[in-house]
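Heads up, the thing below is written out as structure tokens.
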Amino acid sequence: MNQYNDDEVFSKINQIIQEALRVDPDRIKFESRIFSDLGAESLDILDIRFRIEQLFGFKITDGEIVKRIGKNLSRAEIEEQFTVGSLVDFIKSRCKKEPAV
Amino acid sequence: MNLSKEKVALITGGTRGIGRAIALSLAQNGVDKIIANYLQNDAEAKITANKINQFNVKFILAKANILYPEEIDKLFELVTSNTDHINIFIHCAALNAFKPLKDIKPNQWDLTMNINARSFLYCVQQCLPMMPKGSSIVAISSLGGQRVIPDYGAMGPTKAALETTIKYLAAELAGSGIRVNAVSAGLIETESIKKFPGHDNLIKKVLEKTPANRLGTPDDIAQAVLFLISSAADFIYGQTIIVDGGYSLC
């Protein structure tokens, strides 16, 4: 699995969110809240999850992203804290270094 | 009802709700091997496995995202490593967004249509080389495929697509001795009912219009599926059987 830097992951996430939510790329910032700022709904999150799995080549388990944001959070708190940046951090944590050739 | 021996069944969405009830019914009615595909919720899949393992049935869990044809290919790699034939294919997998059709976004349309309808066709195409004469295919539909149900805009068109697909397949596959049908479910008591906006009010309204005076259960749907795959339904081709307690009559 590849290891990506912040910019590379952000660029890929930006592309995924553009395709899924059809939002202008200028609106997609590290601090953008995926629900309230970018207009995502719960089915869109599933769509984004599937696109991440396809593009980055790993499977995301049920509730894994939410757990990464924090434990015992209310739905409102999750929606507030679920940003593009938190998604970038999550993906970076899942991507491991490729073995040296 | 006892089905013939040495039967192999594949079910998509086969570990929760209606899919679980169908898997259990098959296990109780002589199917020897059940391969249950699912997308998420490993805990529920294990519960289904534990329930089915009480019977003398080989049960195989097959986690795959059938949104993607390449994952369906992988699913069938698993299938072919476990069996050389499939007698029964049941398509239960479905995703929904509870909102009006006018508000459905393109990605939501694609997601629901591809999981609910396209995956059915592609799975059938993969099943066909493994299906002997006498095999049966059943798709699980819902009333929203034929009638307008408020906030069912993402699901309704996908079920309509499913119900038309089974007609074409029934005609095309009849010569191969394979029957294709669907079961259209009314409001069924499952976890997904709770996701419906204002579900308490919805249940009240549905009950008022349902001659049977109760909601459907997953077992009601499973029994209809059992009938359609049995020899009792040998002359039924390309039909969608409505199981709704009479709701659609009123």
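What you see is a predicted model, and the numbers here were worked out from it, not measured in a lab. Hydrogens, waters and symmetry mates play no part in the numbers below; they use all other heavy atoms, side chains included. The sequence lines fix the lettering, A, B, ..., with proteins before strands; numbering per chain opens at 1.
- A 4.5 Å side-chain heavy-atom check between A:E41 and B:Q108 finds at least one atom pair inside the cut-off.
- Contacts between B:K99 and chain A at a heavy-atom distance below 4.5 Å involve the side chain alone, from C-beta outward.
- Within 6.0 Å of NZ in B:K63 there are more than 12 heavy atoms belonging to other residues, nucleotides or ligands.
- Rounded to the nearest 0.5 angstrom, B:L95 CG and A:D47 CG are separated by 10.0 Å.
- To the nearest 0.5 Å, atom CG of residue B:N65 and atom CZ of residue A:F50 are 4.5 Å apart.
- Closest of all the heavy-atom pairs between A:Q54 and B:Y68 is CG-CZ, 3.3 Å.
- Interface residue A:R51: backbone and side-chain heavy atoms are both found under 4.5 Å from chain B.
- Heavy-atom contacts from other residues, nucleotides or ligands closer than 6.0 Å to NZ of B:K209 number more than 12.
- Interface remark: B:D110 contributes no atoms to any contact with chain A (heavy atom separation under 4.5 Å).
- For CZ of A:R22, the number of neighbouring non-hydrogen atoms (other residues, nucleotides, ligands) closer than 6.0 Å is 12 at most.
- More than 12 non-hydrogen atoms from other residues, nucleotides or ligands lie less than 6.0 angstrom from CD of B:E208.
- In this structure, A:K59 places its NZ atom where more than 12 heavy-atom neighbours from other residues, nucleotides or ligands lie under 6.0 Å away.
- Residues A:L46 and B:Q40 are in side-chain contact: their nearest non-hydrogen atoms beyond the backbone lie under 4.5 Å apart.
- Contact between A:A40 and B:K105 at its shortest, heavy atoms only, is CA-NZ, 4.4 Å.
- Of the two parts of B:I115, only the side chain, counted from C-beta on, holds a non-hydrogen atom closer than 4.5 Å to a non-hydrogen atom of chain A.
- Of the inter-residue distances, the one linking B:F98 atom CZ with A:L43 atom CG reads 10.5 Å to the nearest 0.5 angstrom.
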